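These numbers were taken from a predicted model, which means no experiment stands behind them.
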Amino acid sequence: MTIKRIHSGSPFEAKIGYCRAVVAGGFVHVAGTVGQGDTVAEQCQSALDVIAGALDKAGASMADVVRVTYYLPDRHEFEACYDILASTFGDNPPAATMIECGLIDPKYRIEIEVTALAPAAS
């Protein structure tokens with residue numbers, strides 16, 4: 001099995017020992033991703049943009065996402081993301097889970113990880 005690792009250039013990848021995404025076993029596994037911004041909605045959109053970039057580097061897109069997990073320190077803030085998520089995944093809804101938990105830094109309001117189908121090898 002071939003494994004392809006996709007790095008984003010974040011200094012945390014080397015510091016912590018991970019990469020943004022791994023293509024293996026027919027899937028693209030994108031690491032938990034936080035976004036920038038002051039509100040949960042801004043951070044949600046920012047994280048989705050980073051994820052879309054990683055998927056693009058793997059030859060996939062948001063339409064290929066089959067599983068998404070949302071992590072929020074305050075579940076009550078999740079509703080502010082509904083329109084963004086419906087716009088992103090509405091035509092191709094993945095299986096989804098939302099978990100309320102602490103994140104690596106209190107400034108982060110949402111972290112998102114996805115699994116997508118990898119493009120067929122040519």
Got more than 12 heavy atoms from elsewhere within 6.0 Å of [atom1], [X]?
X    : atom1 : value
L117 : CG    : yes
F12  : CZ    : no
R67  : CZ    : yes
D105 : CG    : yes

Would you name the heavy atoms of [X] and [Y] that are closest together and state the gap between them?
X    : Y    : value
E111 : G32  : OE2-CA, 3.3 Å
S46  : G35  : OG-CA, 3.5 Å
P73  : R109 : CD-O, 3.2 Å

Practice problem: Run the numbers on Y108 and Q36 for side chain to side chain contact (heavy atoms under 4.5 Å, CB included), then give the verdict. | Solution: CA-CA 8 Å; Y108 296 121; Q36 301 305 307; 4.1 Å; yes
* **Test log, rule side chain to side chain contact (heavy atoms under 4.5 Å, CB included), inputs N92 and M62** => CA-CA 8 Å; N92 302 288; M62 290 301 224; over 6 Å; no
Practice item. Classify the angle between the aromatic ring planes of H29 and F27 as parallel (below 30°), tilted (30 to 60°) or perpendicular (above 60°). Key: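 The rings of H29 and F27 sit tilted, inter-plane angle from 30° to 60°.
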Applying a strict under-4.5 Å side-chain criterion to I, L, V, M, F, W and Y, I'd like to know whether [X] and [Y] cluster together.
X    : Y   : value
V50  : I84 : no
V65  : V34 : no
F89  : V30 : yes
I112 : Y82 : yes
Y18  : I3  : no

Approximate separation, where rounding is to 0.5 Å, of [X] [atom1] and [Y] [atom2]:
X   : Y   : atom1 : atom2 : value
I51 : D56 : CD1   : CG    : 13.5 Å
T39 : E77 : OG1   : CD    : 8.5 Å
S10 : I16 : OG    : CD1   : 7.5 Å
E42 : C81 : CD    : SG    : 11.0 Å

**Report entry** N/O donor-acceptor pair under 3.5 Å between Q43 side chain and K107 backbone
**Finding:**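 Pair found, side chain donor or acceptor close to backbone of K107.
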Give the intermediate values and the outcome of side chain to side chain contact (heavy atoms under 4.5 Å, CB included) for residues F78 and E100. CA-CA 10 Å; F78 193 43; E100 184 177 41; over 6 Å; no
Going by atom types only, do R20 and T33 share a side-chain donor-acceptor pair under 3.5 Å?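 On atom types as modelled, these side chains qualify, holding a pair under 3.5 Å.
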Note to self: Working note: D64 + L55, criterion side chain to side chain contact (heavy atoms under 4.5 Å, CB included); need CA distance, chi angles, decisive distance, verdict.
What the structure shows: CA-CA 9 Å; D64 299 309; L55 290 172; over 6 Å; no
